[in-house]
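Predicted, not measured: the structure shown is a model, and the values here were computed from it.
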Amino acid sequence: MMINFKKIAVLAFVTCLPLVAFASTSDQLQTATSDGHVAFVLVTEPGAIGIDQAKQMIQAAMAQVPGAVMIESNRDDAANSDFIKKYKLAAAPVPLVLVFASNGIMAGGNIASKLTTQQLVAMVPSPKKAEVLKALQSGQAVYLTASRSGMATTSDVAKGCAAACTQMQGKCASIDVAMDDPAESDFLKQLKVNLQATEPVTVVLNAQGQLTGTFNGPVDVTNLVQAATKKVSSGCCPPNSGKTCAPTPAKKEGGK
């Protein structure tokens, strides 16, 4: 029997097609972030106005973020329903853009028409900020300690943070950051860390993402726990407001 290579080729193409062309947004995102890429997810629907402009903006941002990828997500595609539901995008205005850090955590987003290229680039978190966002979005408080090589109390501070996390039964994360790391400079400035400090600086964020304490040098475990469980009534996310300082999914504006 003569083998029809043409039919085999067509069959192979059809068999592989769902994995290539019809991969869901969640699958594409997982692949991108597993490979360590920042991902800009463009959420659209058929007939949405401004898709081409949004793509151009994302491509301009990608040119400034090495390795970044763009993922298009048609929310009317049933394959994307889990992603749309998870980030509450069913009634959000589109096109909109979500930014995902290389660790898979959503770092920000907005309606495309309200964004500029630079704003999009600015949403890409530094590696340590991405770690902090991941902890906060998991409901954990954060002890972030900035230090540099040669600081005498660094080890004791690390032990103190670890002991505090133990007392909080794991509902916190202890994250270390190099004070001299240029990639983290802006993030540390946002947290008002003195980059000229001669001792480690530990910043405490409660599980709502509120900055509730800053300790210079040695730390006391009791004070760390009190700071991590402290609730403040002012700022971007007052207690019981249902808000958080961590990035949230795009909000509904008007009807679909």
Side-chain angles (χ1 to χ4, degrees), residues 23-77 80 82-137 177 181-191 209 236-237 243-254 256:
S24 70
T25 301
S26 297
D27 289 342
Q28 293 181 72
L29 183 59
Q30 167 112 28
T31 298
T33 55
S34 294
D35 291 339
H37 298 297
V38 168
F40 297 106
V41 178
L42 175 60
V43 182
T44 68
E45 65 182 8
I49 297 172
I51 294 176
D52 288 343
Q53 292 90 335
K55 287 182 179 178
Q56 291 173 6
M57 176 177 63
I58 292 173
Q59 288 166 347
M62 289 167 61
Q64 300 181 48
V65 182
V69 299
M70 175 168 58
I71 297 170
E72 292 185 56
S73 178
N74 176 2
R75 70 178 173 190
D76 283 358
D77 186 338
N80 298 327
D82 288 346
F83 178 83
I84 297 301
K85 182 178 180 181
K86 179 177 181 179
Y87 294 101
K88 301 178 181 178
L89 301 171
V94 292
L96 64 84
V97 186
L98 301 179
V99 180
F100 288 83
S102 57
N103 66 351
I105 205 71
M106 191 184 79
N110 205 344
I111 303 166
S113 62
K114 294 185 177 181
L115 283 171
T116 65
T117 297
Q118 287 312 120
Q119 287 172 333
L120 206 51
V121 172
M123 286 184 189
V124 178
S126 67
K128 291 298 180 181
K129 184 173 182 178
E131 283 188 41
V132 169
L133 292 175
K134 189 170 187 175
L136 293 175
Q137 291 182 34
V177 56
D181 185 348
E184 305 296 342
S185 176
D186 288 345
F187 178 44
L188 292 177
K189 288 177 181 175
Q190 287 176 14
L191 295 175
C236 63
C237 40
K243 298 179 179 178
T244 173
C245 293
T248 55
K251 292 183 178 180
K252 174 179 176 181
E253 285 191 4
K256 178 180 177 181

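The two residues Ile105 and Ala130 come nearest to each other via the heavy atoms CG2-O, 3.9 Å. In this structure, Ala32 and Val69 approach most closely via the heavy-atom pair CB-CG2, 3.7 Å.
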Pair up each side-chain donor or acceptor in residues 34-44 with any protein partner under 3.5 Å, not counting sequence neighbours, and list the distances.
{"unit_1": "Ser34", "atom_1": "OG", "unit_2": "Gln30", "atom_2": "O", "d": "2.6"}
{"unit_1": "His37", "atom_1": "ND1", "unit_2": "Gly67", "atom_2": "O", "d": "2.8"}

May I have the list of side-chain donor-acceptor pairs in residues 94-102 shorter than 3.5 Å, sequence neighbours left out?
none

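Under the side chain to side chain contact (heavy atoms under 4.5 Å, CB included) criterion, Gln190 pairs with Lys129, Phe187, not counting sequence neighbours. Partners of Pro46 according to the side chain to side chain contact (heavy atoms under 4.5 Å, CB included) rule, which considers only residues two or more places apart in sequence or in another chain, are Asn74, Asp76. Among residues two or more places apart in sequence or in another chain, the side-chain hydrogen bond (donor to acceptor under 3.5 Å, both in side chains) test is passed with Thr25 by Ser73, Asn80. Shown here are the side chain to side chain contact (heavy atoms under 4.5 Å, CB included) partners of Gln119, two or more places apart in sequence or in another chain: Leu115, Thr116. Take Gln59 and apply the side-chain hydrogen bond (donor to acceptor under 3.5 Å, both in side chains) test, not counting sequence neighbours, and it matches no residue. Residues passing the side-chain hydrogen bond (donor to acceptor under 3.5 Å, both in side chains) test with Gln64, sequence neighbours excluded: Gln118. Not counting sequence neighbours, the partners of Ser26 by the side chain to side chain contact (heavy atoms under 4.5 Å, CB included) test are Ser24, Phe83. A search for salt bridge (charged side-chain N to carboxylate O under 4.0 Å, His left out) contacts involving Glu131 returns Lys128, not counting sequence neighbours.
Here the side chains of Glu184 and Pro127 are in contact, with some heavy-atom distance below 4.5 Å. No side-chain heavy atom of Asp82 sits less than 4.5 Å from a side-chain heavy atom of Lys86.
Taken to the nearest 0.5 Å, the CG atom of Asp186 stands 11.0 Å off from the CG atom of Leu191. Expressed to the nearest 0.5 Å, how far CE of Met62 lies from CE of Met57 amounts to 12.5 Å. To the nearest 0.5 Å, the span separating CG on Asn103 from OG1 on Thr33 amounts to 8.0 Å.
Judged as a ring pair (Phe, Tyr, Trp, His ring centres under 6.0 Å), not a single pair has a partner in residues 43-67 (not counting sequence neighbours). Within the structure, every pair that satisfies the salt bridge (charged side-chain N to carboxylate O under 4.0 Å, His left out) test and touches residues 47-68, not counting sequence neighbours, is listed here: Lys55-Glu72.
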